[in-house]
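Below you'll find the structure, written out as structure tokens, and then a few comments.
Within every chain, numbering begins at 1; the chains are lettered A, B, ... in the order of the sequence lines, protein sequences first and strands thereafter.
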Amino acid sequence: MTDNADKSMDDIVSLCKRRGFVYPASEIYGGINGFWDYGPLGTQLKNNLRDAWWEAMVLNPPKGPDGERLQIVGLDSSIIQNPKVWEASGHLAGFADPMRKCAGCGHFVRADQLWEMLATSSEWVDSLLQVFTPITGDIDTPRLMDWARKKGKKLAPNLALVRNPEVTLSWLAQRVNGQPDAPVEMKEFMRHVATEQLNATGLQEPCPRCGGELGEPAPFKLMFETWAGMVQNDDNKAYLRPETAQGIFINFKNVVDTSRVKVPFGIAQVGKAFRNEVTPRNFIFRSREFEQMEMEWFCHKDDATKWYKFWQTERKRWWESLGLTSDNLIMREHDKDELSHYAKEGAGTADVEYRYPFTAPGFGELEGIAHRSNFDLTQHENHSRTKLKYFDSARGELAKNGQPKGEHYLPDVIEPAAGLTRGVLALLCEAYTRDDSRPSPEFLKLHPRLAPIKAAVFPLVKKDGMPEVAEKLHDELQQRFGRTGFIETDAKQSIGKRYARMDEAGCPWCFTIDGDSLTEHTVTARNRDTGEQQRIAIAQVGDFLHKALNI
RNA sequence: GCGGGUGUAGCUCAGUGGUAGAGCAUCACGUUGCCAACGUGAGGGUCGGGCGUUCAAGUCGCCUCACCCGCUCCA
């Protein structure tokens, strides 16, 4: 087995392009940053992963921790919703955090974190403080001058004190000597060393990175905006959803009212989401348009921890069942300070992380399992002024007749939220294998269930009626397995080359029609991973494949 | 957004101012006897895009776009 750290993303990206898995979006126009198109094989692979998820969630969910049957229903909500949805969810506020852009280096700083960053994580501030002691308020001009010319020049090239030490220090001296009874405090000192045109600009605040002048705070929008209607103004502004989850929460009441589900139950959804990421990076790992598979599991808060643990175990097991090796998968519990706004109060958030080649030996997120408490339903209940409480007739005190009186509550939510497109990436990375001892060294060891091409049927040579037999077997297999992926047939070129092509596309089985097929009615079945062959009856090929694909 | 690198055929890449190339891949025909065989032929490029310098630009300059690496960001 090849270690993921040894796999080259360039090779994987190249194979994806060559074989029609993933193309850069708008390629003929020079591309567009953060967007990707899925080709014939990539689309089928993505659909197969999506279908496997849907089956594991909605059609054939796992048994619960006590062996009980789980209830999960599907949903497909709109990408564009009333903007109030995003106000309620916190995305509008969260995504529009005021940022300040540095005029010197272009770096963005969150306005509300500026002073914390200056105090804790700015290299030049650390260095500068060694020549200035804010407690006494003394200004050692020669030492500051010296710092500006040496260390400052390296660490904070855009700081006013460095660009123009004389002027900056004279302003500072005027302040200190003019008001000797009011010592300069840290913040004020920082503002002074960042300012060289005091009369024109007032005191400036410096960039933690280069000391440059920071611009006015402005919202930094991570949601894509559009307009619903012909006129484009603030009244009809709309947003592309940054996650599929909110579509589920706002339909919670609809589903409860119309589908006879009882808490605990889940609502599952697969769909596109959009985030205007600052830096799309790493192939399809972080793109601006991506696909999520999210399930919101609604349960009573007393049971939340139980379900949180259950879904963690279950989700990791599921990814493993698709062929991701356990060495390359970890479950990582978030630290307290990492938790999202919606998860602060809950049992926690954990990520299923995969060891991608570009994160190896570290890991990158594949799926998040979050306890969102009842944050979202509470928010939507308040913002929409619609009662979303669930009436649970199995809870509450017992009445005279021995029946529970019932309890009204907003359920807690456990959310396993997986990236479909990240899943595709993890599967491709896991499947990509180089084995130079093989005649076809580069191949994709995709799980048979997910492989976009399920099988290929080859006539060994293009004569003696072999192509006709192959054609017939191909049609038969396509009828039976076509809904799960492609069945290929190919009579061109040497048999070895055809096997190699199928290896590269991740096709698990090749069936070859030879002379014996005509007389004995048998074919050879060739295994992608081992190259081994076995003879089976033509009539048995369908059942053989059915078993091999495990579907 | 910053710094560094890259961009030439579907893929991998040569090409240092003078007629746009190779290998593999693709297509056609022939051959074929189980692991990227062979022969003959064919198609495919406004050299990422734009502007400029020059008699002449894939090559030099400026701008721009995309990708990769490192920062940064990632509710």
Side-chain angles (χ1 to χ4, degrees), chain A residues 8-11 13-20 23-36 39 86 89-97 99-110 113 117 121 123 157-158 207-210 212 215 220-223 242-243 245 275-283 285-288 338-344 358 364-365 370 437-443 458-464 466 491-504 510-517 523-528 530-533 535:
Chain A
S8 138
M9 275 315 287
D10 285 348
D11 289 345
V13 171
S14 169
L15 186 144
C16 284
K17 170 77 192 296
R18 188 165 74 238
R19 296 312 308 254
Y23 312 125
S26 305
E27 198 181 8
I28 62 170
Y29 288 101
I32 175 165
N33 199 358
F35 299 89
W36 300 88
W86 312 115
S89 70
H91 287 89
L92 209 46
F95 274 154
D97 279 334
M99 304 287 281
R100 300 184 66 178
K101 188 182 177 183
C102 171
C105 68
H107 177 67
F108 284 91
V109 186
R110 265 183 66 165
Q113 292 178 355
M117 286 189 71
S121 59
E123 224 180 315
N158 296 320
C207 168
R209 210 174 139 83
C210 73
F220 191 56
K221 294 187 177 177
L222 288 178
M223 274 199 290
E243 65 173 24
R275 295 181 197 180
N276 206 351
E277 297 286 355
V278 180
T279 312
R281 203 48 81 84
N282 290 326
F283 197 33
F285 180 76
R286 177 172 298 138
S287 47
R288 290 181 166 142
E338 265 184 279
L339 294 175
S340 310
H341 60 277
Y342 54 72
K344 292 260 191 277
F358 49 82
E365 189 191 359
S437 70
R438 288 165 60 109
S440 51
E442 215 175 12
F443 68 112
F458 298 143
L460 184 59
V461 289
K462 199 167 45 174
K463 62 179 187 185
D464 298 340
M466 292 182 204
K492 305 281 172 58
Q493 300 177 309
S494 75
I495 192 71
K497 195 170 269 188
R498 284 176 277 165
Y499 286 153
R501 259 203 293 262
M502 285 300 116
D503 287 348
E504 208 181 52
C510 295
F511 301 102
T512 301
I513 310 296
D514 57 18
D516 289 349
S517 306
V523 300
T524 57
R526 182 235 183 221
N527 178 288
R528 174 195 64 201
T530 63
E532 283 164 8
Q533 301 186 2
R535 280 210 88 78

*asked:* Among residues at least two apart in sequence or on other chains, which ones pass side-chain hydrogen bond (donor to acceptor under 3.5 Å, both in side chains) with A:Gln533?
replied: none
*Contact letters for nucleotides 25-33 of chain B, in which S counts primed atoms plus P, OP1 and OP2 and B counts the base, heavy atoms under 4.0 Å*: SS-S---BB
*asked:* By nearest atom, which of the nucleotides B:C11, B:A36, B:C35 is closest to the A:Ser14 side chain?
replied: B:C11
*Apply salt bridge (Lys or Arg N to Asp or Glu O under 4.0 Å) to A:Arg528 and list each qualifying residue two or more places apart in sequence or on a separate chain.*
none
_Qualifying residues under side chain to side chain contact (heavy atoms under 4.5 Å, CB included), relative to A:Glu365, sequence neighbours excluded_ = A:Asp351, A:Arg422
*asked:* Please enumerate all residues that pass side-chain hydrogen bond (donor to acceptor under 3.5 Å, both in side chains) together with A:Arg19, with sequence neighbours excluded.
replied: A:Glu504
*Can you sort out the partners of A:Ser8 under side chain to side chain contact (heavy atoms under 4.5 Å, CB included), two or more places apart, ordered by chain and number?*
A:Asp10, A:Asp11
Provide a list of protein-nucleic acid N or O atom pairs under 3.5 angstrom, restricted to nucleotides 63-65 of chain B.
{"from": "B:C65", "atom 1": "O2'", "to": "A:Gly30", "atom 2": "O", "distance (Å)": "3.4"}

Can you give me the N/O atom pairs linking the protein to nucleotides 42-44 of chain B at distances under 3.5 Å, or say none if there are none?
none

_Restricting to ring pair (Phe, Tyr, Trp, His ring centres under 6.0 Å), what partner residues turn up for A:Phe283, sequence neighbours left out?_
A:Trp36
_Sequence-distant partners of A:Ala491, side chain to side chain contact (heavy atoms under 4.5 Å, CB included), two or more places apart_ = A:Pro459, A:Lys462
*Mind checking what makes side chain to side chain contact (heavy atoms under 4.5 Å, CB included) contact with A:Asp514, not counting sequence neighbours?*
A:Leu460, A:Asp516, A:Ser517, A:Thr524, A:Arg535
*salt bridge (Lys or Arg N to Asp or Glu O under 4.0 Å) with A:Arg288: which residues, sequence neighbours excluded?*
none
